[in-house]
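Each chain gets a letter, A, B and so on, in the order the sequences are listed, and its residues count up from 1.
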2 protein chains.
Amino acid sequence: MYKNKKISISCDWRKTPDKEKKICAENKTKLYKYKGNFTWQGIRTERYKSNGTNWSDIVRQTLIGSHGETAKFHLRYFEIAPNGYSSFEMHKHEHVVIGIRGKGMCIVRKKKYEIGFLDTLYIQPYAPHQLRNPFDKPFGFFCLVNAKRDRPKIPDEH
Amino acid sequence: MYKNKKISISCDWRKTPDKEKKICAENKTKLYKYKGNFTWQGIRTERYKSNGTNWSDIVRQTLIGSHGETAKFHLRYFEIAPNGYSSFEMHKHEHVVIGIRGKGMCIVRKKKYEIGFLDTLYIQPYAPHQLRNPFDKPFGFFCLVNAKRDRPKIPDEH
């Protein structure tokens with residue numbers, strides 16, 4: 001299940017390129033109006049496709065964190081399609097996950113949490129975790145992280 | 001309108017007492033299950049009452065930030081009753097406001113933003129701002145802030 005590490009989709013994703021940071025370095029008050037269907041005006045939807053048959057598409061939208069904001073946190077909206085999942089990973093930085101669309105699961109160490117609308121999960125530092133959607137509708141959630149954060153690692157045991 | 005500074009309700013509120021910090025210093029993975037009606041299991045609702053007739057009750061729930069979490073941000077849910085408003089204030093730290101219940105207004109400098117469900121407003125450092133509910137239903141929103149932040153000030157001009 002976790003053999004294809006190259007195509008593993010991290011819940012923390014990749015860094016914003018420096019070039020993009022410079023272009024977007026505005027740090028201005030801005031309203032990102034909700035357009036419906038879990039999209040926002042001025043926010044790009046990024047779709048990650050997988051090579052493996054076991055992976056479903058996952059969509060990310062970075063609401064706060066890629067427009068030059070100086071806040072010490074980033075706000076992202078992720079959506080995992082039915083049967084999709086992120087990589088099982090760990091890192092020093094914390095996660096806060098808030099269910100927004102449908103429902104899904106989060107595995108933290110060996111414990112399973114079901115996350116529905118407005119359920120709010122705090123994941124402590126270094127706890128191995130994975131987000132999954134075993135249901136038949138999209139699972140959408142906000143994920144809050146520190147702006148400065150360490151790179152995720154794959155836990156040894158897994 | 002802003003004469004009663006003593007009872008002014010800041011959108012940043014007061015600090016958590018040190019005693020409370022010690023008691024809650026757990027920093028453990030935890031799910032705050034949504035109970036419906038904009039309340040969460042394990043999260044206390046704090047109601048602030050005003051002495052002045054021009055102020056409506058405002059309710060705050062601190063979802064992330066008062067349980068010993070080490071994340072560099074706090075997540076709070078606020079609810080402003082019809083005709084209620086926060087103080088007009090400014091500070092170095094940024095705000096991110098996400099509409100969750102009903103709709104409301106945010107004044108930033110001289111610009112007005114209407115905030116409905118999932119609308120996401122970034123307020124830049126030092127921009128004087130105020131949240132208001134001129135509508136006939138409660139206005140509920142998440143407010144994200146840095147964990148370490150400066151104390152709000154009342155702008156000179158107002």
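With a threshold of 4.5 angstrom between heavy atoms, Leu63(A) approaches chain B through side-chain atoms but not through N, CA, C or O. Using a 4.5 Å cut-off between heavy atoms, Ile43(A) does not touch chain B at all. With a threshold of 4.5 angstrom between heavy atoms, Ala71(A) approaches chain B through its backbone and through its side chain. Neither the backbone nor the side chain of Tyr77(A) comes within contact range of chain B, judged by heavy atoms closer than 4.5 Å. For a residue to count as touching a neighbouring chain, one of its non-hydrogen atoms must lie under 4.5 Å from one of that chain's; by this rule Ile64(B) touches chain A with the side chain only.
The two residues Thr70(B) and Tyr122(A) come nearest to each other via the heavy atoms N-OH, 3.3 Å. Here the closest heavy-atom approach between residue Phe73(A) and residue Val145(B) is recorded as CE2-C, 3.6 Å.
If you tally non-hydrogen atom pairs under 4.5 Å between each of Pro125(B), Ala147(B), Ala127(B) and chain A, the highest count goes to Pro125(B). When each of Gln41(B), Lys30(B), Lys111(B), Glu114(B) is scored by its heavy-atom pairs under 4.5 Å with chain A, the top score falls to Lys30(B). Interface remark: of the candidates Ile115(A), Leu75(A), Leu144(A), Ile98(A), Leu144(A) forms the most heavy-atom pairs closer than 4.5 Å to chain B.
The salt bridge (Lys or Arg N to Asp or Glu O under 4.0 Å) pairs that include a residue from residues 134-146 of chain B number zero, where partners must be two or more places apart or lie in different chains.
Between the side chain of Gln124(B) and the backbone N or O of Lys28(A) there is no donor-acceptor pair closer than 3.5 Å.
In this view, Lys33(A) and Asp119(B) satisfy the salt bridge (Lys or Arg N to Asp or Glu O under 4.0 Å) rule, not counting sequence neighbours.
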